[in-house]
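Each remark here refers to the structure printed beneath this line.
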Amino acid sequence: MPSIEISARTIAEATRLALEQMGVDEDEVLIEVLQNGDDENEALVRVSTTDPVATDTAPDEPDEAPRRTRAPFDPQAAGAEGRRILEGILDRMDVEAYVSVQHSTSTGPEGETQHSIMLYVEGLDEETVGIMIGRRGETLRSLQFLLNTLVNRHVGRWPQIVIDVGNYRQRRQESLEGLARRVAEQVRATGRPQALDPMQAYDRRIVHMALREDPTVYTESTGEGETRKITVYPKK
Amino acid sequence: MKELLIFIVKELVDEPDAVRVRERDGRFAITFELTVAPGDAGKVIGRSGRVAKAIRDVLGVAAARERKRVHLDINS
């Protein structure tokens with residue numbers, strides 16, 4: 001699987017350069033964002049062509065009897081669909097922006113492969129970024145929920161698409177990881193469990209993941225819905 | 001902004017041809033009256049109104065850029 005890594009000022013720019021160099025189309029490749037660009041650092045993107053042998057040897061779909069029995073989830077198709085719809089929405093908001101898709105896989109708690117689709121929205125002015133994120137990220141969460149609802153209608157499965165605007169997710173992740181480390185430090189020092197404020201599922205996941213490897217503490221969520229929160233416990 | 005609402009709703013419903021939107025422009029707020037086929041109302045509203053809230057929030061982004069508020073009424 002040939003791949004190249006390219007850095008540029010923005011993810012969109014790096015992606016465009018990589019595709020140009022390889023002479024391929026966006027939907028033929030896997031695009032991974034290795035580093036988000038910000039004021040100091042350039043964005044770094046890895047573009048890989050998917051293994052052509054695999055697609056060649058794939059058995060032909062039987063043409064007769066179009067059975068609609070649970071087609072396998074196609075993350076590439078879901079990502080492309082998500083991008084099409086998000087661009088349609090931004091366009092009709094009179095927002096000039098560029099949307100890029102990042103696919104990544106990770107290993108879940110039971111060793112299963114988890115696929116995540118991230119849509120990056122770039123090129124917005126500061127004010128629009130603020131409006132789109134909203135107070136405590138609520139507007140961004142609405143946009144993301146709506147997009148997943150719409151893509152779900154096309155691909156027949158909840159696609160778990162995450163939208164990032166103006167690097168909000170990364171900044172939020174860094175601040176939550178910092179919080180997790182500080183609380184773990186206190187729990188370690190006092191030997192007492194400490195509860196965090198209620199958080200959204202996506203944010204709780206970041207905290208769980210941040211402390212998963214920590215040998216001195218463990219984390220648990222309690223409560224329901226809007227009041228669900230994490231408690232950090234000392235490991236004896 | 002009307003185009004934005006129509007685009008979203010048409011992606012959501014089973015009968016896109018039945019989608020109608022009336023817009024009333026006020027000084028501080030824009031009101032949209034959305035009508036969809038009777039069988040599609042639930043899709044636009046969602047469980048506990050979650051989809052309707054998401055649509056309102058997304059319209060709110062476009063409205064905020066014009067320094068306005070937005071109201072959305074759903075009929076079927």
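Heavy-atom basis, side chains included; hydrogens, waters and symmetry copies ignored. In what follows, chains carry the letters A, B, and so on, assigned in the order in which the sequence lines appear, proteins first and then strands, with residues in each chain numbered from 1. Note that this is a predicted model, so its numbers are computed, not measured.
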- line: Rounding to 0.5 Å, atoms CD (B:Glu11) and CD (A:Glu81) come to a distance of 7.0 Å
message: Looking at B:Arg22, I want to see if its CZ is surrounded by more than 12 non-hydrogen atoms of other residues, nucleotides or ligands under 6.0 Å.
response: no
message: I'd like to know which of B:Val51, B:Leu59, B:Ile6 tops the heavy-atom pair count under 4.5 Å against chain A.
response: B:Val51
message: If you count every heavy atom of other residues, nucleotides or ligands that lies below 6.0 Å from B:Glu33 atom CD, does the total exceed 12?
response: yes
message: Quick check for you: to the nearest 0.5 Å, what is the distance between B:Glu66 atom CD and A:Asp94 atom CG?
response: 8.0 Å
message: What part of A:Ile85 gets within 4.5 angstrom of chain B, counting heavy atoms only: side chain, backbone, both, or neither?
response: both
- prompt: Should we count CZ of A:Arg228 as having more than 12 external heavy atoms under 6.0 Å?
  reply: yes
Spacing of B:Arg56 atom CZ and A:Thr139 atom OG1 [to the nearest 0.5 Å]: 14.0 Å
- prompt: Closest approach of B:Ala54 and A:Ser142, non-hydrogen atoms and distance?
  reply: CB-O, 3.5 Å
task: Taking the side chain as every heavy atom from C-beta outward, state whether A:Leu146 and B:Ile55 have any pair of such atoms under 4.5 Å apart.
output: yes
query: For atom NZ of A:Lys229, is the number of surrounding heavy atoms from other residues, nucleotides or ligands below 6.0 Å larger than 12?
result: no
statement: Heavy-atom closest pair (B:Leu12 atom, A:Thr149 atom, distance to 0.1 Å) is CD1-CG2, 3.9 Å
field: Ion pair B:Arg67/A:Glu127, N-O distance below 4.0 Å
entry: yes
message: Is B:Val13 close to chain A through its backbone or its side chain, or both, or neither, when contacts mean heavy atoms under 4.5 Å?
response: backbone
- prompt: How far does CD1 of B:Ile8 sit from CG of A:Leu150, to the nearest 0.5 angstrom?
  reply: 7.0 Å
- prompt: Quick one: does A:Met93's side chain get under 4.5 Å of B:Val58's, heavy atoms only?
  reply: yes
task: Measure the CZ-CD1 distance between B:Arg65 and A:Ile131 for me, rounded to the nearest 0.5 Å.
output: 6.5 Å
Side chain proximity check, B:Asp14 to A:Arg153, heavy atoms < 4.5 angstrom: yes
query: Given a strict heavy-atom distance threshold of 4.5 Å, which part of B:Lys43 is in contact with chain A: side chain, backbone, both, or neither?
result: side chain
